[in-house]
Structure formats: C-alpha cells, structure tokens
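In the text below, chain A, chain B and the rest are named by the order of the sequence lines, each starting its count at 1. Only heavy atoms go into these numbers, but all of them, side chains included; no hydrogens, no water, no symmetry mates.
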There are 2 protein chains.
Amino acid sequence: MSTRKSPPGKDRHGNSYDASCPTRQVLDRIGDKWTVLVLILLVDGPVRFNELRRRIGGVSQKMLSQTLKSMERDGLVRRHAIATVPVTVEYSITPLGLTLATLMDQVRLWAERNLGQVIAAQHRYDAAAQASDRAA
Amino acid sequence: MSTRKSPPGKDRHGNSYDASCPTRQVLDRIGDKWTVLVLILLVDGPVRFNELRRRIGGVSQKMLSQTLKSMERDGLVRRHAIATVPVTVEYSITPLGLTLATLMDQVRLWAERNLGQVIAAQHRYDAAAQASDRAA
DNA sequence: CGGGATCCGCATCGATACTG
DNA sequence: CAGTATCGATGCGGATCCCG
C-alpha cells in the first residue's frame, strides 16, 4: 500500500470507520480465536470434526462446533454429513473460504518472519518501563 | 489480545496448543477489535489521540488507550509526547507496523469485495434453517 | 488534551452431562 | 462420532471520575 499519498486503487480509509464498514464486519469474524486456524487446516482437504479438534490443540468441542457453524453460515466451509454407523461429518473449504485462507496464510508467514522483532520490542519496552518505575 | 499475561503453566486438560506457534501469537494480537483499524489509519501519517478516536467510531478512550499501549509495546507504533500547554500526543506507524498494515489492507480489500457473498450465504443458510424448523 | 483507576454488566468460553 | 444444552467462572469493554 506504499506510503501516505499513493494508495493502491480505491483507498478511502481517510474517513471514519463506522460499524457498518465491511472491514470491521470481516475483522470481527477472523478476529475469532479459531476461525483462521480452521480455515488454514482445511486448505489441505476435508477434515472430520474430531480430527480437527486434535489438529487444533486446546479448543473445546463447544467452541469448535460454534466456530464451524458460523463459518458454514458465512459460506467459508461446507458440511458433509455421512450416514455411517457412527456418524461421520466432514468439513471442507469453499472457494470463497479459500481466497480468505490464502490471505491469512500470508499473515502466518508474516508472523513467522517477524515475531522475533515483536518479542524484542516487548523486551525493550518492558525494560524501559522498569527503569521508569525505579526512577519513581 | 490486550495485555494478556498468558499463564503458561496452567495446562489443566493436558494438551494445550503450543504457545510457541507464531501464527497464534500474531493472530491473538490482530484479533483485537481495534488494532488493525488503528494500524491502517496510521499508514497515512501521524495522528493525535483524540483524532484517532474520532476517525474510529465507537471506541472508548480506555480501549483506544489500551490498544495503543500494546501496539507500542509490540513495536507496531511509536508514541510522541509533545509538551505543549494542553499535552499533545501523536502516534505514528513503525516500519514493522507498516509491513503488517500492508497485509491487513489486503484483508480490507477482500472484505469490500466479498462481504456481499458472505451476506448472501447467511441469508441462504438462515432460510434453510427456517425450512427445517417448519419440517420439525 | 491524553490517559490512568475503578466499578461492573454482559458476552464469551470451559467443563460437564446428555442426545442421536 | 458429532454434536446440543446448561451452568458457572473469567474478563473484555463501556462509563465515570480524576489527575498531569
């Protein structure tokens, strides 16, 4: 997006971001704790519910269920219920979800490359804060 | 995100996800309700606190303050306090923050292009849900 | 003007139990 | 196996007051 004066295409974020702005609506969804992780996992192919649970550590079945339901509602994933003896349910990514997953994968790459800088900045910040505390 | 202290020793149910996963750590930050919006606004140049508040509708001063503080801690923005008669404080984006802002701006573009599809999917989903309710 | 401190409602999330 | 239902704890985020 370059610097302040040369926006790419239709850059109109000089105005206020009211709640109705699309950015915020999408941000509220991917801001969710699990949505992005599910999205990235499903890129490689359909995954069953409990396998999803295993691959994403630390998610409760309730949260995963909720997450998948809203993702399905938003058209990001598709649900396939197979009537086997113990019910089998597979989740797969939709074309729309795939475009978003591609974006979020870049965020993942950014994270891997720059997390070190973030951590370093934190250490510097905390050290400076402690110094002020001693001064006071 | 906030100033999450992250109690890492607390792993009651055994298999918690790996906190060392960079994706998750960054996601927790941008998952924050305001961070991304502030980031994108600051791309155009330094902005003062209250102007930031006006440009971003619906943010309380507490949340904006908290957000800016963690962003500063993470090295995404820089704070400039100018000792004028009523204190003036400007926030500007850092090079690191700019790289992340570039990414998030693409998310913003995705939102503007695809929000319609998401809304449409929701309508379809809700309509189908109502149909099942009538069947039952 | 910028922002820290405090109180508190309300949404979120985890754990548990139950259904199909 | 794949959920739903309910309860309870946690803590985000808003409102208000106050200080530099």
Original post:
Of B:Val87 and A:Val87, whose closest DNA chain D nucleotide lies nearer the 5' terminus?
Top reply: A:Val87

Original post:
In terms of side-chain heavy atoms of A:Pro86, which of D:dG13, D:dC1, D:dA2 is nearest?
Top reply: D:dC1

Original post:
Just how far, in rounded Å, is P of C:dA15 from CG of A:Leu64?
Top reply: 14 Å

Original post:
Quick one: does A:Leu37's side chain get under 4.5 Å of A:Leu41's, heavy atoms only?
Top reply: no

Original post:
Would you say A:Thr23 and B:Val107 make side-chain contact, with heavy atoms under 4.5 Å?
Top reply: no

**OP:** Round to the nearest Å and state the distance from B:Lys33 atom NZ to C:dC10 atom P.
**Re:** 16 Å

**OP:** Would you tell me if any nitrogen or oxygen in the side chain of B:Ser65 comes within less than 4.0 Å of OP1 or OP2 on C:dG4?
**Re:** yes

**OP:** Side chain of A:Lys62 only, please: which of C:dG3, C:dG14, D:dG13 is the nearest?
**Re:** C:dG14

**OP:** Check whether any side-chain N or O of A:Lys69 sits under 4.0 Å from OP1 or OP2 of D:dG3, and answer yes or no.
**Re:** no

Subject >> Side chains of B:Ile30 and B:Leu39 in contact at under 4.5 Å (non-hydrogen atoms) >> reply: no

Original post:
Which nucleotide, D:dG20, D:dC1, D:dG14, lies nearest any side-chain atom of A:Arg48?
Top reply: D:dC1

**OP:** Measure from CG on A:Asp28 to P on C:dA11 and round the result to the nearest Å.
**Re:** 15 Å

**OP:** Please tell me which of A:Gln66 and B:Trp34 maps to the more 5' nucleotide of DNA chain D, matching each residue to the nucleotide holding its nearest heavy atom.
**Re:** A:Gln66

Original post:
How close or far is atom P of D:dC1 from atom CZ of A:Arg54, stated in whole angstroms?
Top reply: 10 Å

Original post:
Hey, is the side chain of B:Gln61 pairing donor to acceptor with the base of D:dT16 inside 3.5 Å?
Top reply: yes

**OP:** Report yes if the side chains of A:Thr99 and A:Leu96 come closer than 4.5 Å at any heavy-atom pair, otherwise no.
**Re:** yes

Subject >> A:Tyr91 vs D:dC1: side-chain N/O to OP1/OP2 distance below 4.0 Å >> reply: no

Subject >> Residue closer to the 5' end of DNA chain C, B:Leu68 versus A:Met63 (nearest nucleotide) >> reply: B:Leu68

Original post:
So, are A:Arg73 and B:Asp126 salt-bridged, with charged N and O less than 4.0 Å apart?
Top reply: yes

Original post:
B:Ile56 CD1 to D:dG14 C1': how many Å, rounded?
Top reply: 16 Å

**OP:** Identify which nucleotide among D:dG3, C:dG14, D:dC1 has an atom closest to any side-chain atom of A:Ser60, counting heavy atoms from C-beta outward.
**Re:** C:dG14

**OP:** Could you tell me the separation between the CZ atom of A:Arg53 and the C1' atom of C:dA15, rounded to a whole number of Å?
**Re:** 11 Å

Original post:
Starting at CG of A:Asp32 and ending at C1' of C:dA11, how long is that distance when rounded to a whole Å?
Top reply: 14 Å

**OP:** Starting at atom CD1 of B:Ile82, determine the distance to atom P of C:dG2, rounded to an integer number of angstrom.
**Re:** 10 Å

